[in-house]
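What follows is a short report on a single structure.
Proteins come first, then strands; the chains are lettered A, B, ... in the order of their sequence lines, and each starts at number 1.
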Amino acid sequence: MLDSKYFRSELAETAARLATRGLTLDVEKIAALESQRRELAVTTQDLQNLRNTKSKSIGQAKARGEDIAPLLAEVDGLGVQLEQAKTQLDAVLAELESIIQTIPNLPDLSVPVGPDETGNQVVRQVGEPKHFDFDVQDHVALGEALAGGLDFENAVKITGSRFVVMKGQIAKLHRALAQFMLDLHTEQHGYTEMYVPYLVNKESLFGTGQLPKFSADLFHTQPATEEGQGLSLIPTAEVPVTNLARDRIFDLAELPVKMVAHTPCFRSEAGSYGRDTRGLIRQHQFDKVELVQLVQPEQSMAALEELTGHAEKVLQLLGLPYRVMLLCTGDMGFGSAKTYDLEVWLPAQNTYREISSCSNMWDFQARRMQARYRPADGKKPELLHTLNGSGLAVGRTLVAVLENYQRADGSIEIPAVLQPYMGGKTELR
RNA sequence: GGAGAAGUGGCCGAGAGGCUGAAGGCGCACCCCUGCUAAGGGUGUAUACCUCAAAAGGGUAUCGAGGGUUCGAAUCCCUCCUUCUCCGCCA
């Protein structure tokens, strides 16, 4: 959520910056609501003040044993006036809230302006796409041919489309990838491993920005038990992990907080049917290792570079060619001020595909969550900055490993860093 | 799931319709005293918003959450949430 003070005082500037994201603000309407709010707030507070003062004098008069009837007469009607003012104020506040809650974050000034993904910039390209002297197969063909592999048919039977069953050595490779990532981030990059709930409440979804606007992208439980009522499956570990900071005030010494969690992610992807229907790329359920950092504001941009580097390290160690994209204003997510996407080379698609998205959310989520830190003893708490990034999406990493490490006979070489996690095995066949 | 008890500031803990944004203690910060240390004394110590050019000052809200009663609610009533104890069930 944007800072309402800044929002109201720099309405034109805000509107201009949001326009780069393709969003048109109804500036006049907002300004009108804002001045109404101001007026009604003052009226309400004045009435409350009057009521409090009168009530106090009634109390005092009563204590002295005086007749309070005339005082009560004075107060008569005050309650009704107050209630009216308050009702009006609440209505205006609710309208303003609903507007500001659905406004995305302001892009950082270093973000290129562009309409959609065509405006993204390649920041760097690491590793060279490997040359294959045979016809490459895609991960579906490779995975289904392996003994103990990817099984899409049975997933359809037991659940539906866009789910997968993994069996045997592929299931193990999938697990190995997640273990490898977790170990790397905890042992080399200083993150604390977290195990978190996969079902979250509305407050959490509001905190990270999924609600109220993106309810349709989520799976909501239609609960069999009362306990489950109103909970939703997490679309990313970012939700539970970042919300650990909700309603908290951190000491400066505690920052930065760096957390990593491996969780399944559930997305209904309502608008995306027809895209990537084949294979593991776009699933309703997938595993992801998520990095989250809570930092003081001055350090968030440096932290974004660091966090992106941590995600890149996974690709480097796996020997997967990739490139880093700086997303333009038109392609960024709702809460992000600046986002780098990592795109891994997929030989079968002959292109780079997103495998990680690393974002600096600035104070956008922190404001929704009231996640703060105390800059110094005795100083007022300030909003901290939150960052998150995939490190990496496990399913897509599996795709990348299968496709990039395939051999002419359909067997798969296991990258060296994964072999310890595979009981020393060097290949799948 | 059944039966009880409880949720107050950074923490502990009083308060049981008005004089309570909240006694007292601990902790913390600053100051004084003490040649060090220990002990002692003093002052201060929530958050958000509004008003004000800023500061000072003033105002409003907040005692788990939301409603209600009342001129007035931390205090009374209702609903919900959470925690604890005992029983049951379970991984």
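Rounded to whole Å, the C1' atom of B/rU70 lies 12 Å from the corresponding atom of B/rG18. Distance check on atom C1': B/rA74 versus B/rG1 gives 33 Å, rounded to whole Å. With both ends at atom P, the span from B/rA6 to B/rA16 equals 16 Å, rounded to whole Å. Rounded to whole Å, the separation between the P atoms of B/rG21 and B/rC26 comes to 24 Å. A gap of 11 Å separates the C1' atoms of B/rU20 and B/rU75, to the nearest Å. With both ends at atom P, the span from B/rA3 to B/rC80 equals 14 Å, rounded to whole Å. Comparing B/rC77 with B/rC84, their P atoms sit 25 Å apart, to the nearest whole Å. Distance noted for atom C1' between B/rA91 and B/rA5: 29 Å (whole Å).
Both distances falling under 3.5 Å, in either a Watson-Crick or a G-U wobble arrangement, occur for no nucleotide opposite B/rA22. Both distances falling under 3.5 Å, in either a Watson-Crick or a G-U wobble arrangement, place B/rG4 opposite B/rC84. The partner of B/rA65 is B/rU79, by the rule that a Watson-Crick or G-U pair needs both atom distances under 3.5 Å. With both pairing distances under 3.5 Å, B/rC89 is matched to nothing as a Watson-Crick or G-U wobble pair. Both distances falling under 3.5 Å, in either a Watson-Crick or a G-U wobble arrangement, place B/rC28 opposite B/rG44. Across all strands shown, B/rC33 forms no Watson-Crick or G-U wobble pair with both distances under 3.5 Å.
Put simply, CG on A/L40 is 16 Å from C1' on B/rU51, counting in whole angstrom units. In this structure, the CG atom of A/D46 is 14 Å from the C1' atom of B/rC49, given to the nearest Å. If you take CG of A/L82 and C1' of B/rG59, they are 14 Å apart, rounded to a whole angstrom. Between the CD atom of A/E254 and the C1' atom of B/rG10 there is a distance of 12 Å, given to the nearest Å. If you measure from atom CG of A/L96 to atom P of B/rC50, you get 13 Å, rounded to the nearest angstrom. Spacing between atom CD of A/Q48 and atom P of B/rA48 amounts to 19 Å, rounded to whole angstrom units. Atom CG in A/L93 sits about 13 Å away from atom C1' in B/rU60, given to the nearest Å. Separating the CG atom of A/L72 from the C1' atom of B/rC71 is a distance of 5 Å, rounded to the nearest angstrom.
Under the 3.5 Å distance criterion, the side-chain polar atoms of A/R372 are left unmatched by any main-chain donor or acceptor of A/I249. Side-chain atoms of A/H185 come within 3.5 Å of backbone N or O of A/G391 as a donor-acceptor pair. In terms of modelled atom types and a separation under 3.5 Å, the side chain of A/R21 and the main chain of A/N105 share a donor-acceptor contact. Checked by atom type and distance alone, the side chain of A/R396 pairs as donor or acceptor with a backbone atom of A/I281 at under 3.5 Å.
When heavy atoms are screened at a 4.0 angstrom cut-off, A/K86 is found touching no nucleic acid atom at all. Among the atoms of the strands shown, only primed sugar atoms or phosphate atoms (P, OP1, OP2) are found under 4.0 Å from some heavy atom of A/R8.
Screening A/S215, A/S232, A/P212 for a side chain to side chain contact (heavy atoms under 4.5 Å, CB included) involving A/L205 leaves a single residue, A/S232.
Listed candidates were B/rC50, B/rU51, B/rC71. Nearest to the side chain of A/K62 is B/rC71. Among the nucleotides B/rG18, B/rG59, B/rU51, the one closest to any side-chain atom of A/R38 is B/rU51. Side-chain proximity of A/S55 to the nucleotides B/rU47, B/rC50, B/rG18 is greatest for B/rG18.
Under 4.0 angstrom from either OP1 or OP2 of B/rU60 there lies at least one side-chain N or O belonging to A/N49. Under 4.0 angstrom from either OP1 or OP2 of B/rA61 there lies at least one side-chain N or O belonging to A/R51. Between A/N52 and B/rA61 there is a side-chain polar atom (N or O) within less than 4.0 angstrom of OP1 or OP2. OP1 or OP2 of B/rU47 has at least one side-chain nitrogen or oxygen of A/R374 nearer than 4.0 Å.
A/F266 has its ring centre no less than 6.0 Å from the ring centre of A/Y198. Ring centroids of A/H284 and A/F219 are separated by less than 6.0 Å, placing the two rings close together.
Along RNA chain B, the nucleotide nearest to A/Q60 and the one nearest to A/V42 differ in position, and the one closer to the 5' end is contacted by A/Q60. Heavy-atom distances to RNA chain B give each of A/Q370 and A/T44 a nearest nucleotide, and the one nearer the 5′ end belongs to A/Q370.
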